[in-house]
Participant: 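Take a look at this one; I'll ask things after.
Only a predicted model underlies this, so the values are computations on that prediction, with no experimental measurement involved.
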Amino acid sequence: MGIKPGEGGLRRRMPLRRKGGSGVAASAVEVGSRAMRYYRLWIYTCNTAILAGTLAFVGAAVQNLILDYRRSLIPSLTLYQPSFLYAYLALATQGGALQLLGCVAAIRLSERLLNAYWLLLLVLLFGDIVIGAFWAFRFEKVCQELKPALRARFNQDYGSGGELTALWDRLQSEDECCGVAGPQDYGNGSGRWEIPTSCCEDFTNTTARCAKPHQTGCEERLVAYLRATASILTILGYCVLAFLKLCFLGILRYEIREMIQKIRILKAEMDLSGINGAVPGTVRADAAESERESLLVKPESVALLSSPITQTKNPNGNNNFEMREFRSHENI
C-alpha cells in the first residue's frame, strides 16, 4: 500500500488558549501563596520573636531606669543623651516598623521589600553592637565620676527644700544609707550638723536627735543600682534581643534568597500563563508533554523508516532489454 502525503510526519501539539482569565489569575495567586507559605512562616516567626524581646526590654528599661527615682540623682544619666535617642529610635523600629515591613514584603512577594527587611535587621544589629561597645567603656567612667558629682550636688542643693532634698531623703530611708560616703558628710564642711531622720536606723521620735545613723554611704547604693540595671538591660538587649537578630539574620539570608528565586520563577510562569492561558504550575508539565509527543511518529512511518531500502525497477529499462533480445533473434 502506498503512503499518503502528510502521513508519517511529526505530530506537534500546539498550545491551546483557555478561556477565563480571572480564574487563571486566581489559581496563580493560590499556587503562589501555597509555595511561599514556608518562607512566610520564617518571617512571621522572626517578627514575633523580635517583638517579644523588644517589649521585654522596653518593660525592663521603663521600670528600672525611666520611672525609677534614683536615676534623677545621677547627673550623667539623662534621658536625652545621643545614645538614648538612638535607643528610642531602634526600639520603635523593632517594635512595629520592622514587623510591618516584613509582613508586607512576605504578602506582596516583593524582592525589594524583602531585601530592605533583611538590611534593616542588619543595621539594627550593627547599631546594637556600636551602642554596646560605647556603654562598655562609658559605664565604668560613669561609676568613677559618680561620687564627686554626687558630693558637689549634695553640698549645693540638699536642704534647700528643692526636689533633690526629697529624693535624697527617700533614698536614705528606702536604701538604708546616709550622705554620699556616710553620716560624716553632714558635718564635713557642709554646715548641716544635724543628721536627718531619714538616716536613722531606728527612729520613732521625730523630736529626738538621731543617735544611730546608717553607716553606708548612698553612693554605694547608687552604684549597685546602676550595675543591677545594666545587668538586666545587657541580658535582655544582647543575650536575648541581639542574639535573636543574629540568628534570624543567618537563617533569613538563605530563606529570603530562595524565596526571591522562587518569586522570579513564579512570575515567569505567570507571564507564560498569560500567553498560553494555562495555570502556573502546569505550564512546565504541558511543555514537557508536548516535547515528548513531538518525538512520536505514526506506526506507518516507523515501518517505512525501519524497512531496508530497495531499488525500484525502471519500466523503461525493461522495454529496452526486450527490444535488444528481439533484434538478436532477427539477426539469427
Participant: May I ask you to test the N155-D185 pair for a side-chain heavy-atom distance under 4.5 Å?
Facilitator: no
Participant: Considering only heavy atoms from C-beta outward, does the side chain of L98 approach that of I50 to under 4.5 Å?
Facilitator: yes
Participant: Can a side-chain donor-acceptor contact be found between D175 and Y225 if the only test is distance below 3.5 angstrom?
Facilitator: no
Participant: Contact between Q63 and D68 at the side-chain level, heavy atoms closer than 4.5 Å - yes or no?
Facilitator: no
Participant: Between H214 and S198, which heavy-atom pair has the shortest distance, and what is it?
Facilitator: CD2-O, 4.2 Å
Participant: Would you find more than 12 non-hydrogen atoms of other residues, nucleotides or ligands less than 6.0 Å from R138 atom CZ?
Facilitator: yes
Participant: Taking side chain to side chain contact (heavy atoms under 4.5 Å, CB included) as the definition, give me every residue that meets it alongside A105, ordered by chain and number, with sequence neighbours left out.
Facilitator: L113, L114
Participant: Over all heavy atoms of both residues, which pair between I43 and M259 is shortest? Give the atoms and the distance, please.
Facilitator: CD1-SD, 4.3 Å
Participant: Check whether the side chains of Y69 and E174 place a donor and an acceptor atom closer than 3.5 Å, and report yes or no.
Facilitator: yes
Participant: When you compare the side chain of V223 with that of K147, does any pair of heavy atoms fall below 4.5 Å?
Facilitator: no
Participant: Rounded to the nearest 0.5 Å, what separation is found between the CG atom of L146 and the OG atom of S76?
Facilitator: 7.0 Å
Participant: Could you list the residues that satisfy salt bridge (Lys or Arg N to Asp or Glu O under 4.0 Å) with R153, not counting sequence neighbours?
Facilitator: none
Participant: With hydrophobic residues grouped by side-chain heavy-atom distances under 4.5 Å, do L167 and L67 end up in a single group?
Facilitator: yes
Participant: Starting at CD of Q184, measure out to CD1 of I195 and round the result to the nearest 0.5 Å.
Facilitator: 9.0 Å
Participant: What are the two closest heavy atoms between C46 and L121, and how far apart are they?
Facilitator: SG-CD2, 4.1 Å
Participant: In the hydrophobic cluster built from side-chain contacts under 4.5 Å, what are the other members alongside L41?
Facilitator: none
Participant: Which heavy atom of W118 sits nearest to which heavy atom of I256, and what is that distance?
Facilitator: CB-CD1, 4.1 Å
Participant: Go through L77 and L226 one step at a time and tell me if the side-chain contact (heavy atoms from CB on, under 4.5 Å) criterion holds.
Facilitator: CA-CA 10 Å; L77 203 62; L226 282 177; 3.7 Å; yes
Participant: If two hydrophobic side chains count as joined below 4.5 Å and joins carry through other members, does I66 share a cluster with F57?
Facilitator: yes
Participant: Please verify the inter-ring angle class for W42 with Y38; under 30° counts as parallel, over 60° as perpendicular, anything in between as tilted.
Facilitator: perpendicular
Participant: Heavy-atom count around F243 CZ within 6.0 Å, excluding the residue itself: above 12?
Facilitator: no
Participant: Look at the side-chain heavy atoms of Ile, Leu, Val, Met, Phe, Trp and Tyr, link any pair under 4.5 Å apart, and say whether L236 and V130 land in one connected group.
Facilitator: no
Participant: Backbone N or O of L109 within a donor-acceptor pair of the E111 side chain at under 3.5 Å?
Facilitator: no
Participant: Ion pair present between R221 and E176, side-chain N to carboxylate O less than 4.0 angstrom?
Facilitator: no
Participant: Using a 4.5 Å cut-off on heavy atoms from C-beta on, say whether the side chain of N64 contacts that of L233.
Facilitator: no
Participant: Are L125 and L89 connected in a single hydrophobic cluster, I mean Ile/Leu/Val/Met/Phe/Trp/Tyr linked by side-chain heavy atoms less than 4.5 Å apart?
Facilitator: no
Participant: Quick check on F139: does its CZ atom have over 12 non-hydrogen neighbours (other residues, nucleotides or ligands) under 6.0 Å away?
Facilitator: yes
Participant: Can a donor-acceptor pair be found between the side chains of Y117 and N47 at a distance below 3.5 Å?
Facilitator: yes
Participant: Minimum heavy-atom separation for A49 and F248, please, with both atom names.
Facilitator: CB-CE1, 3.8 Å
Participant: So L222 and L171, do their side chains get closer than 4.5 Å, heavy atoms only?
Facilitator: yes
Participant: Minimum heavy-atom separation for Q94 to L241, with atom names?
Facilitator: NE2-CD2, 3.4 Å
Participant: Which residues end up grouped with L55 if you chain together Ile, Leu, Val, Met, Phe, Trp and Tyr wherever their side-chain heavy atoms are less than 4.5 Å apart?
Facilitator: L51
Participant: Under a 3.5 Å distance rule, please check whether Q144 uses its side chain to pair with a backbone N or O of K141 as donor and acceptor.
Facilitator: no
Participant: Tell me whether E219 contacts the main-chain N or O of L150 through its side chain, where contact means a donor paired with an acceptor under 3.5 Å.
Facilitator: no
Participant: Quick test of your reading of the model: are E258 and R253 salt-bridged, counting only N-O distances below 4.0 Å?
Facilitator: no
Participant: Quick one: does any side-chain atom of W168 pair with a main-chain N or O of F154 as donor and acceptor, under 3.5 Å?
Facilitator: no
Participant: Please tell me whether V62 and I131 are part of a single hydrophobic cluster in this structure, the criterion being side-chain heavy atoms less than 4.5 Å apart.
Facilitator: yes
Participant: Could you check if a side-chain atom of Q215 sits within less than 4.5 angstrom of a side-chain atom of P213, using non-hydrogen atoms only?
Facilitator: yes
Participant: Answer yes or no: is there a donor N or O on one side and an acceptor on the other, between the side chain of Q172 and the main chain of G179, under 3.5 Å?
Facilitator: yes
Participant: Decide yes or no for W135 and T234: does some side-chain heavy atom of the first lie under 4.5 Å from some side-chain heavy atom of the second?
Facilitator: no
Participant: Share the residues that join I107 in a hydrophobic cluster, the rule being Ile, Leu, Val, Met, Phe, Trp or Tyr side chains under 4.5 Å apart at the heavy-atom level.
Facilitator: Y44
Participant: Can you tell me how far CG of L119 sits from CG of L249, rounded to the nearest 0.5 angstrom?
Facilitator: 9.5 Å
Participant: Quick one: disulfide bond (SG atoms under 2.5 Å apart) partners of C199, sequence neighbours excluded?
Facilitator: C178
